[in-house]
Structure formats: structure tokens, C-alpha cells
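First up is the structure itself, then whatever we jot down about it.
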2 protein chains.
Amino acid sequence: MTMPTEADIAATASLLDALGHPGRLSVVLALHTNGALSVSALCALVGLEQSAMSHQLRVLRDARLVQAQRQGKQMLYSLHDHHVAHIVADALSHIREN
Amino acid sequence: MTMPTEADIAATASLLDALGHPGRLSVVLALHTNGALSVSALCALVGLEQSAMSHQLRVLRDARLVQAQRQGKQMLYSLHDHHVAHIVADALSHIREN
DNA sequence: ACAACACATGAGCTTGCATTCATATGAATG
DNA sequence: CATTCATATGAATGCAAGCTCATGTGTTGT
């Protein structure tokens with residue numbers, strides 16, 4: 001790991017901050033497990049109301065953790081890339097050893 | 001990755017939340033790079049005042065990310081385990097590819 | 001025992017986040 | 001083209017995070 005710049009640190013902190021929320025983390029885990037999902041499906045799985053979910057999905061999009069594509073009336077959300085799953089897996093394994 | 005429980009998700013989210021702060025993340029990176037450091041050394045490296053640093057160090061301790069041992073008048077902080085570095089490294093590599 | 005140093009803690013303040021409510025946008029369908 | 005379904009957005013609110021300031025606790029040295 002080469003020395004991170006301040007910008008790297010800020011960007012990384014905001015990435016981790018985006019994941020540091022039970023609802024948003026659940027979304028990421030749900031997408032990792034199930035592949036692409038609609039907003040209403042995510043609401044049902046995670047237990048957030050539609051509006052709250054939309055707000056949190058925007059945070060995840062801004063953090064480039066998820067991406068959305070329209071499919072008819074629905075929006076299908078999926079993970080943005082493979083790093084996301086990796087980060088979450090490490091964090092989970094940290095938790096389970098303590 | 002086996003299915004996480006709700007408690008796992010909550011614990012993981014708070015772990016990531018603890019890292020999702022530039023000052024705290026800088027502390028973790030500094031400890032990873034330099035090994036154990038005193039509070040005043042961390043203040044100098046990270047750029048937080050002593051009181052603010054102590055408050056943030058408590059968050060990191062509560063999240064079991066760092067541990068402290070007294071050495072004379074000083075407190076020496078170090079990373080709690082190897083997972084921490086791993087999580088941060090992944091997050092950094094995610095940032096650098098985007 | 002007291003003074004100085006290193007750090008922790010608590011109160012108070014400001015600011016930002018997460019939710020809710022109301023409303024807007026966008027697509028399909030009759 | 002008006003209505004309905006799916007999602008997004010904006011304003012308002014409640015609450016917690018993070019900082020500063022003042023003070024407390026623990027340790028060394030004299």
C-alpha cells in the first residue's frame with residue numbers, strides 16, 4: 001500500500017461512510033447476494049420505506065457503490081464493481097472474529 | 001460469504017462508520033504505517049487538536065479498531081488486528097480505480 | 001506533597017444526517 | 001391523454017456527530 005494522499009483519504013473515508021449505515025449496507029449485501037434488484041424489492045428486503053430507500057440509494061450512487069438502469073417503470077440497481085463485495089466481506093470477517 | 005445476521009450487519013455498519021471519517025481513517029493509516037504512536041504524535045500527523053483526537057480515539061477503541069497501552073505518561077495506540085489494514089487497503093484500491 | 005505533563009471526559013454548541021411527508025417526474029396502459 | 005405504477009426529489013424535523021472549552025485523572029519528577 002503506497003502512501004495515500006489527502007484526497008485519497010478523504011475519498012476513502014466517504015466511501016466507508018457510505019457503507020457505514022445499516023440500511024445502505026443491507027442494500028449492498030442484498031445486491032451482492034441476489035444480483036440486480038428493483039427499488040421496491042430492496043424496500044421489502046431491507047425494511048426501509050420507499051422514500052427513505054431512494055434517498056439512501058442516491059448516497060450509494062454518489063459513492064459509486066451501486067449503479068441503476070431503467071427497466072420499464074422500474075429501476076434495477078446492481079453493485080458497481082467487485083471491490084464493494086470485497087470490502088464488505090473483510091469487514092464482516094473482522095466482526096465475526098471479535 | 002455466508003448470510004449475515006441483522007446483528008452482523010449492524011456491527012459491520014458501525015465498524016465501517018467508525019472508519020468513515022477522515023481523521024479517524026488517518027489515524028488508522030498512520031498506525032498501520034508507523035506502528036504504535038502516542039496521542040500527541042497522532043495529533044501532529046493527523047492535524048486534530050488533543051481533545052478532538054481523544055474523542056475520536058475513543059470511537060476507534062469502542063469499535064475495536066485500535067488498542068491503547070500506557071507507557072509512562074503517554075498512551076501508545078496501535079491497530080487492534082490485521083483485518084483493519086486489509087479493509088482499508090481494499091477501500092483505497094477501490095478509490096484509485098475510479 | 002506538589003507541580004508539570006499527557007491524556008480523557010463532560011458540557012455546550014453547531015452542523016450534518018436520516019427519516020417522513022408531500023409532491024414531482026417518467027413510463028406503461030387503457 | 002389521463003391515470004396508475006415506480007421512483008425521485010425537496011422541505012421540514014428530530015437527533016446524533018464532531019468540535020471547542022474547561023476540567024478531571026493518572027503519572028513522573030522534584
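Sequence lines set the chain letters: A, B, ... in the order given, protein chains first and strands last, and positions in each chain run from 1.
For the salt bridge (charged side-chain N to carboxylate O under 4.0 Å, His left out) test, no residue two or more places apart in sequence or in another chain qualifies with B:Asp17. Residues passing the side-chain contact (heavy atoms from CB on, under 4.5 Å) test with B:Arg58, sequence neighbours excluded: B:Arg61, B:Asp62. Taking B:His21 as the reference, nothing meets the side-chain hydrogen bond (donor to acceptor under 3.5 Å, both in side chains) condition, with sequence neighbours excluded.
Residue whose closest nucleotide on DNA chain C sits further toward the 5' end, between A:Val59 and A:Gln71: A:Val59.
Residue B:Glu49 contributes atom CD, which lies 10 Å from atom P of D:dC19 at whole-angstrom precision. The separation between B:Leu42 atom CG and C:dA8 atom C1' is 15 Å, rounded to whole Å. A straight line from CE of A:Met53 to C1' of C:dT20 spans 15 Å, rounded to a whole angstrom. Between the CD atom of B:Gln74 and the P atom of D:dG29 there is a distance of 12 Å, given to the nearest Å. Following rounding to the nearest Å, B:Leu60 (CG) and C:dC7 (P) show an atom-to-atom distance of 16 Å. The separation between A:Leu57 atom CG and C:dA18 atom P is 13 Å, rounded to whole Å. Straight-line distance from the CG atom of B:Leu48 to the C1' atom of C:dC7: 15 Å, rounded to whole Å.
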**Message:** If you apply the rule side-chain contact (heavy atoms from CB on, under 4.5 Å), what do you find for A:Leu76 with A:Gln71, and how did you get there?
**Reply:** CA-CA 7 Å; A:Leu76 283 188; A:Gln71 179 139 324; 3.5 Å; yes
Which donor-acceptor pairs under 3.5 Å do the side chains of residues 38-51 of chain A make with protein atoms, sequence neighbours left out?
from: A:Ser38; atom 1: OG; to: A:Ser40; atom 2: OG; distance (Å): 3.2
from: A:Ser38; atom 1: OG; to: A:Ala41; atom 2: N; distance (Å): 3.2
from: A:Gln50; atom 1: NE2; to: A:Ser54; atom 2: OG; distance (Å): 3.4

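Between A:Leu65 and A:Leu79 the shortest side-chain heavy-atom distance does not fall below 4.5 Å. Looking at A:Leu31 and A:Ser78, their side chains never come closer than 4.5 Å, going by heavy atoms from C-beta outward.
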Return the polar atom pairs (N/O with N/O) between nucleotides 23-26 of chain C and the protein under 3.5 Å, or none.
none

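In the set C:dA8, C:dT9, D:dG18, C:dT9 carries the atom at the smallest distance from any side-chain atom of B:Ser51. Here the nucleotide nearest the side chain of B:His55, chosen from C:dT19, D:dT20, C:dA8, is D:dT20.
The shortest distance between the side-chain N/O atoms of B:Tyr77 and the OP1/OP2 oxygens of C:dA8 is below 4.0 Å. In terms of phosphate contacts, B:Gln56 brings a side-chain nitrogen or oxygen within less than 4.0 Å of OP1 or OP2 of D:dC19.
Going from atom CE of A:Met53 over to atom OG of A:Ser26 covers 8.5 Å, rounded to the nearest 0.5 Å.
With both pairing distances under 3.5 Å, C:dG30 is matched to D:dC1 as a Watson-Crick or G-U wobble pair.
Among all heavy-atom pairs drawn from A:His86 and B:His86, the shortest one is NE2-NE2, 4.1 Å.
Against DNA chain D, the stretch residues 12-27 of chain A makes no heavy-atom approach under 4.0 Å.
Nucleic acid contact class of B:Ser40 (heavy atoms, under 4.0 Å, all strands): sugar-phosphate only.
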